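Report on one structure; see the data block that follows.
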Number of protein chains: 2
Amino acid sequence: MIGQTDSIERRSGVSLWRQIADKILQAIASGDFAENAALPPEMALAERYGVNRHTVRSAIAALVQEGVLRAEQGRGTFVLSRKRLSYPIGARTRFSTGLQAQTSERHIVLLASSVEPASQRVAEGLGLARGAAVIRLETRGEADGRPVSRAASWFDANRFAGIDAAMAETGSITASLARFGIDDYLRQSTVLSARHADAADLADLDLQPGAIVLVTVAVNVTPDGQPIQFSESRFPAERVELKLSAL
Amino acid sequence: MIGQTDSIERRSGVSLWRQIADKILQAIASGDFAENAALPPEMALAERYGVNRHTVRSAIAALVQEGVLRAEQGRGTFVLSRKRLSYPIGARTRFSTGLQAQTSERHIVLLASSVEPASQRVAEGLGLARGAAVIRLETRGEADGRPVSRAASWFDANRFAGIDAAMAETGSITASLARFGIDDYLRQSTVLSARHADAADLADLDLQPGAIVLVTVAVNVTPDGQPIQFSESRFPAERVELKLSAL
DNA sequence: TAAATTTGTCTATTGATATAGACAACTATA
DNA sequence: TATAGTTGTCTATATCAATAGACAAATTTA
């Protein structure tokens, strides 16, 4: 169970080249190939997966298109991108903490903000009445120039009026909350699932069709248990793994 | 970001019928359709997703094959399976705890066990020398007759000699560890990722090709921090979500 | 320089995927 | 009973996915 199985599935609704591209991505992400290392020759990969060389070429073409590989005629095919980023999740989850050792640059971009009535699940998460005014922040996390997360966060509009401006200015949820007197907050709950990327994910996270996204739905609370933030985040599974840390 | 996007991707390496099947699965899992509820007519779905009716029929045929839907000529297509199972993960993660409210029946089956030399990562996880003897237990978790997890667990063979027999007898990791004087243990770390199911996953978890699995790699320790169990678990994303609980 | 290795391009063929239209079979309802 | 609405089956066609083979182009190695 340690290594990945090399077999692939025919007549599955997922084309062989896409499956092989997934395998290669996974091998890179799990460190089987170092950065700049040469991939095995196309013929070797074809034999290994039991498919035609042209099928392997389709897989490689997709990854070249994605910027993961670089093919050079006569030399070989080389790995460009690095290992999967390990994203810490725990009681004190914050975006930049814990990513410092792995990346040279990371930040959050505020894409949009709006005030809206709370939907059923947002209201439940924040302990508000359904339809109460909430502020929604749409953000994207980037590390080394690559999108690594895409999130929507909701806050009580009465209590946190102006948090959108604070976020735009500071580029940090933690710093923005500090302006409202929140010096500390905890992750109360996180529900995790996975699915195929939809059109929005493809655009937001710069993914290729067929990619997988991890989805978390979380509630942050003050140390005394008062809900302050409800959020849904999406992570590209090929670039990110979630490391669940104890408190 | 709340509701799923209805658009699908062409030329993605994932066939349209598979993408639509995924969407329907997700809608069911997230509670958009109640159990026994009727799906919209094929023509309505075809229009909604911008594809031919026959393409929708392929998606439905796959889900009927999977046992998720039941089609009745002249009446409609109906939902058979229930919502996604919410699987708790936290410092005191155990299989049955927390699933009691959601399922009427659940248990762990021991599929195989063996003694082997520790691989690099198993040795690291357990704090042993590489190549030290470890016991591996292959297990499957089932709830209401459906596979919901598939795991490999490793234990120090010296300290836990005979845990395979204990597991076979008790059907519980917790109970088996208790025989070795472990009254309490904690989840030290969990690393989470997602990928497409490979051939082994399909067989082990009774999935259809193209399905997604959540993968966790975890270490359990005694209250004083001594590693006792290293495990890799796989969960079918269409049937399970992970609920990360605070300590 | 010559040979071996590797990626790039072309043609051809087969099977799976998707679209299109027509009509049959069955169910519920007016 | 007649009609509308739904799933089931059939034929036909076009495009994508995969296989097969041959050879060109570029690079490395002997």
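None of these values were measured; they are calculated from a predicted model. Here is how names work: the chains are called A, B, and so on, in the same order as the sequence lines, proteins then strands, and each is numbered from 1.
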Can you pull every protein N or O that's under 3.5 Å from an N or O on nucleotides 19-21 of chain D?
{"unit_1": "dT19(D)", "atom_1": "OP1", "unit_2": "R10(A)", "atom_2": "NH2", "d": "2.5"}
{"unit_1": "dT19(D)", "atom_1": "OP2", "unit_2": "N52(A)", "atom_2": "N", "d": "2.9"}
{"unit_1": "dT19(D)", "atom_1": "OP2", "unit_2": "T55(A)", "atom_2": "OG1", "d": "2.3"}
{"unit_1": "dA20(D)", "atom_1": "N6", "unit_2": "H54(A)", "atom_2": "NE2", "d": "3.4"}
{"unit_1": "dG21(D)", "atom_1": "O6", "unit_2": "H54(A)", "atom_2": "NE2", "d": "2.5"}

side-chain hydrogen bond (donor to acceptor under 3.5 Å, both in side chains) partners for [X], two or more places apart:
{"X": "E124(B)", "value": "Q120(B)"}
{"X": "S113(A)", "value": "none"}
{"X": "E116(B)", "value": "R136(B), W154(B)"}

The nucleotide from dT17(C), dA24(D), dT7(D) with an atom nearest the side chain of Q73(A) is dA24(D)
Of the candidates dT6(C), dG8(C), dC26(C), the side chain of P41(A) sits closest to dT6(C)
The complete set of side chain to side chain donor-acceptor pair (under 3.5 Å) pairs with one or both residues in residues 56-68 of chain B, sequence neighbours excluded, reads E42(B)-R57(B)
Please state how far atom [atom1] in [X] lies from atom [atom2] in [N], giving the value in whole angstrom units.
{"X": "R57(B)", "N": "dA24(C)", "atom1": "CZ", "atom2": "C1'", "answer": "12 Å"}
{"X": "R70(B)", "N": "dT7(D)", "atom1": "CZ", "atom2": "C1'", "answer": "14 Å"}
{"X": "E42(B)", "N": "dA25(C)", "atom1": "CD", "atom2": "C1'", "answer": "13 Å"}
{"X": "M43(A)", "N": "dA22(D)", "atom1": "CE", "atom2": "C1'", "answer": "13 Å"}
{"X": "I20(B)", "N": "dT17(C)", "atom1": "CD1", "atom2": "C1'", "answer": "12 Å"}
{"X": "Y49(A)", "N": "dA18(D)", "atom1": "OH", "atom2": "P", "answer": "15 Å"}
{"X": "I60(B)", "N": "dT7(D)", "atom1": "CD1", "atom2": "P", "answer": "7 Å"}
{"X": "L69(B)", "N": "dG8(D)", "atom1": "CG", "atom2": "P", "answer": "11 Å"}

Shorter than 3.5 Å, N or O on both sides, protein versus nucleotides 28-30 of chain D: list them out with atom names.
{"unit_1": "dT28(D)", "atom_1": "OP1", "unit_2": "R75(A)", "atom_2": "NH1", "d": "3.1"}

| query | Going by heavy atoms in the side chains, are H107(A) and E142(A) under 4.5 Å from each other? | reply | yes
Taken in chain and number order and not counting sequence neighbours, the residues that satisfy salt bridge (charged side-chain N to carboxylate O under 4.0 Å, His left out) with R130(A) are none
Residues at least two apart in sequence or cross-chain that pass salt bridge (charged side-chain N to carboxylate O under 4.0 Å, His left out) with R239(B), listed by chain then number, are none
CA sep, side-chain torsions, deciding dist, call: E138(A), R150(A), salt bridge (charged side-chain N to carboxylate O under 4.0 Å, His left out): CA-CA 8 Å; E138(A) 295 283 344; R150(A) 177 73 178 73; 2.8 Å; yes
Residue pair S15(B)/T77(A) against DNA chain C: nearer the 5' end by closest nucleotide is T77(A)
By side-chain contact (heavy atoms from CB on, under 4.5 Å), T55(B) pairs with (sequence neighbours left out) L16(B), W17(B), I20(B), V51(B), N52(B)
